[in-house]
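The structure under discussion appears below in the form of structure tokens.
So that the names make sense, note that chain A is the first sequence line, chain B the second, and so on, each numbered from 1. Hydrogens, waters and symmetry mates are skipped; everything else that's a heavy atom, side chains included, is used.
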Protein chains: 2
Amino acid sequence: MRNPDPLQKIPLFTLLSERDRRKIASEVTEAHYGKGEYIFREGDPADYFHIVKEGTVKCVKSSSDGKECTLKVLMPGDLFCCEAAVFDGAPHPGSAQPMGDVSILRLRKKSYFEVLRRNPDAALEVIKYLGQRLNEAQENAKVLALDRAEQRLASLLVNLASRSGVREAGGIRLTVHLTRQDLADMAGITVETTIRIMGRFKRARVVSGTAKRIVILDLARLKHLASTTSTPCSKRSPAA
Amino acid sequence: MRNPDPLQKIPLFTLLSERDRRKIASEVTEAHYGKGEYIFREGDPADYFHIVKEGTVKCVKSSSDGKECTLKVLMPGDLFCCEAAVFDGAPHPGSAQPMGDVSILRLRKKSYFEVLRRNPDAALEVIKYLGQRLNEAQENAKVLALDRAEQRLASLLVNLASRSGVREAGGIRLTVHLTRQDLADMAGITVETTIRIMGRFKRARVVSGTAKRIVILDLARLKHLASTTSTPCSKRSPAA
DNA sequence: TCTAAAACATGATCTAGGTCATGTTTTAGA
DNA sequence: TCTAAAACATGACCTAGATCATGTTTTAGA
């Protein structure tokens, strides 16, 4: 049984005319990937838009000397490769890797642009979306440029809580599964440092759990830790 | 004597119909700022697009504990505040400061969006532009996350060379005037470190000069320094 | 259920680059 | 042209966090 309009719920497609959306939908193809594979690699030609249908995907960039950083973790509904897809002929500036089993919808970017030309409201929506992404990217750059490890990790967890957190007895659980290594790659620090800081957070009852089940116990405290260098977590006693 | 169509040469406006461009032009107002002033501050309401007409402007973000980082230096023709301007009602996520005397054109964002709705090609152009900016921002984040001070500074200088460099006998001179502090704020390092590294670059005949006159003498070498951690500048002898 | 491979954890160093202190040089404006 | 304020420069020191080394615990799949 095929979904007649798989794009209806994806923000960037809802504003299209129904006719155009159907047209686009008929051109969308679905693909599946597993851990260890690449959806695309840095330098590959960028002819498609990608949409996460199920699972999570990470956008990765690597430096010339082998190190990697994760720019963003994408969840169902997120559109990706938008950075590259807007250039004509330019290759992907980063890679996309599944973090487990995922299904991806892909759409030839040429088709999408044609349709956007006929749907100005949708085009403005895309402008808005890119503006938000740009904003996030710059906020991220600020954190990387100015904050120290503990603050970076705290900021990251706060962001993740709002993007993938579900309320639960005693805290906010992250639905994305992130190992310490994943967190490290996102915060621009090493695994060891991440483990140590997460250990402190744990002892202070700010977060709990590992990869499969990370729970934010004290969001307020975490926000505070993200925004000040003056009271690092280590200095405080583990809750009276 | 007033320029009848000041927007004609600005990339994001050339694709508008002449009629719309004139309409927009009639709504554009010009403003002047001097050193030490703010064009807008973080948190201010963002109702306008801004275009640099003359001079240079820097986009700045500051962390909660006072430190500042410079996200980008904007030159004549650059459009800014695009990050914020796309949200409805959201405030500016950063400040804009002139780096000397500047003239700025400002345009109510509502007007621009109305016009974009009627000019799909121009809207796609904006999408493209934002995609590029997003790309730059992510590239920047990568550098901040993975590279060390020397590489960051080298990358920065390479970028500046391509954005504001003019060929000159013996090298590429930067038309923007940047103090060591400015470079530091862009690279996410301290002034002292910047001065020391620039000193090394100078001794190695890779760059020369200060603020008013920075010249890149050896772009190839600089590119190499930007992309590898294995042969830092200090280790090499200052050219045989 | 067992087992190998991930993931998590912790301690012992080491160092890039931050911080502080104290000049010198350049620049701008009176 | 003089002078105060920026900007540039350099040394001494110190720490956050990287690196390396060596476990333990958890997870997945046979």
### Query
So, Ser63(B) side chain and Leu146(A) main chain: donor-acceptor pair closer than 3.5 Å or not?
no
#### Entry: Glu168(B) atom CD, neighbour heavy-atom count above 12 within 6.0 Å
yes
Would you tabulate the nitrogen or oxygen pairs shorter than 3.5 Å linking the protein to nucleotides 26-30 of chain D?
from    : atom 1 : to        : atom 2 : distance (Å)
dA28(D) : OP1    : Lys212(A) : NZ     : 3.3

### Task
Return no unless some side-chain N or O of Thr193(A) is found under 4.0 Å from OP1 or OP2 of dA18(D).
yes
### Task
Quick one: pull up CG in Leu71(B) and NZ in Lys61(B) and give me the separation to the nearest 0.5 Å.
6.5 Å
### Task
Could you tell me whether the side chain of Arg163(A) reaches within less than 4.5 Å of the side chain of Asp78(A), counting heavy atoms only?
yes
### Query
Taking atom types as modelled and ignoring hydrogens, do the side chains of Asp185(B) and Gln181(B) form a donor-acceptor contact shorter than 3.5 angstrom?
yes
### Task
Search all heavy atoms of Tyr38(A) against all heavy atoms of Arg41(A) and return the closest pair with its distance.
CE1-NH2, 3.2 Å
### Query
Does a nitrogen or oxygen in the side chain of Lys202(A) sit under 4.0 Å from OP1 or OP2 of dC8(C)?
no
## Note on the structure
Out of dC8(D), dG17(C), dT19(C), minimum distance to the side chain of Arg148(B) belongs to dG17(C)
### Message
I need the Ser103(B) OG to His32(B) NE2 distance, nearest 0.5 Å.
### Response
5.0 Å
### Query
Atom CZ in Arg180(B), atom OG1 in Thr194(B): separation rounded to 0.5 Å?
8.5 Å
### Message
Between P on dC8(D) and CZ on Arg213(B), what's the gap in Å once rounded to a whole number?
### Response
15 Å
### Closest-nucleotide ordering on DNA chain D, the 5'-leading residue of Arg152(A) and Leu178(B)
Leu178(B)
### Task
Could you state the atom-to-atom distance from CG of Asp65(A) to P of dT19(D) in whole Å?
11 Å
Where do N or O atoms of nucleotides 10-13 of chain D meet protein N or O atoms at under 3.5 Å, pair by pair?
from    : atom 1 : to        : atom 2 : distance (Å)
dG11(D) : N7     : Arg196(B) : NH1    : 3.0
dG11(D) : O6     : Arg196(B) : NH2    : 3.3

### Query
Leu183(B) has an atom CG; how far is it from atom P of dA6(D), in whole Å?
19 Å
### Below 4.0 Å: OP1/OP2 of dG17(C) and any side-chain N or O of Thr190(B)
no
### Summary
Taken to the nearest whole Å, CD1/Ile197(A) to P/dA9(C) is 13 Å
### Interatomic distance where CD1 belongs to Ile214(A) and P belongs to dA7(C) [whole Å]
12 Å
### Residue pair Phe201(A), Leu157(A): steps toward the side chain to side chain contact (heavy atoms under 4.5 Å, CB included) verdict
CA-CA 11 Å; Phe201(A) 285 175; Leu157(A) 291 169; 4.0 Å; yes
### Message
Output the rounded distance in Å from CD (Glu150(A)) to C1' (dA16(D)).
### Response
12 Å
### Query
If you measure from SG on Cys59(A) to NZ on Lys72(A), what distance do you get to the nearest 0.5 Å?
8.5 Å
#### Entry: Residue whose closest nucleotide on DNA chain C lies nearer the 5' end, Thr179(A) versus Ala149(B)
Thr179(A)
### Task
Quick one: the dot-bracket string of DNA chain C, using Watson-Crick and G-U wobble pairs with both distances under 3.5 Å, [ ] for crossing pairs and | for bases paired to another strand.
||||||||||||||||||||||||||||||
### Task
May I ask you to test the Asp218(A)-Arg205(A) pair for a side-chain heavy-atom distance under 4.5 Å?
no
### Query
Rounded to whole angstroms, how far apart are CZ on Arg200(B) and C1' on dC8(D)?
16 Å
### Task
Return the value, rounded to whole Å, for the distance between atom CE of Met198(B) and atom C1' of dG17(C).
17 Å
### Task
For residues Ser95(B) and Glu42(B), determine if any side-chain heavy atom of one lies less than 4.5 Å from a side-chain heavy atom of the other.
yes
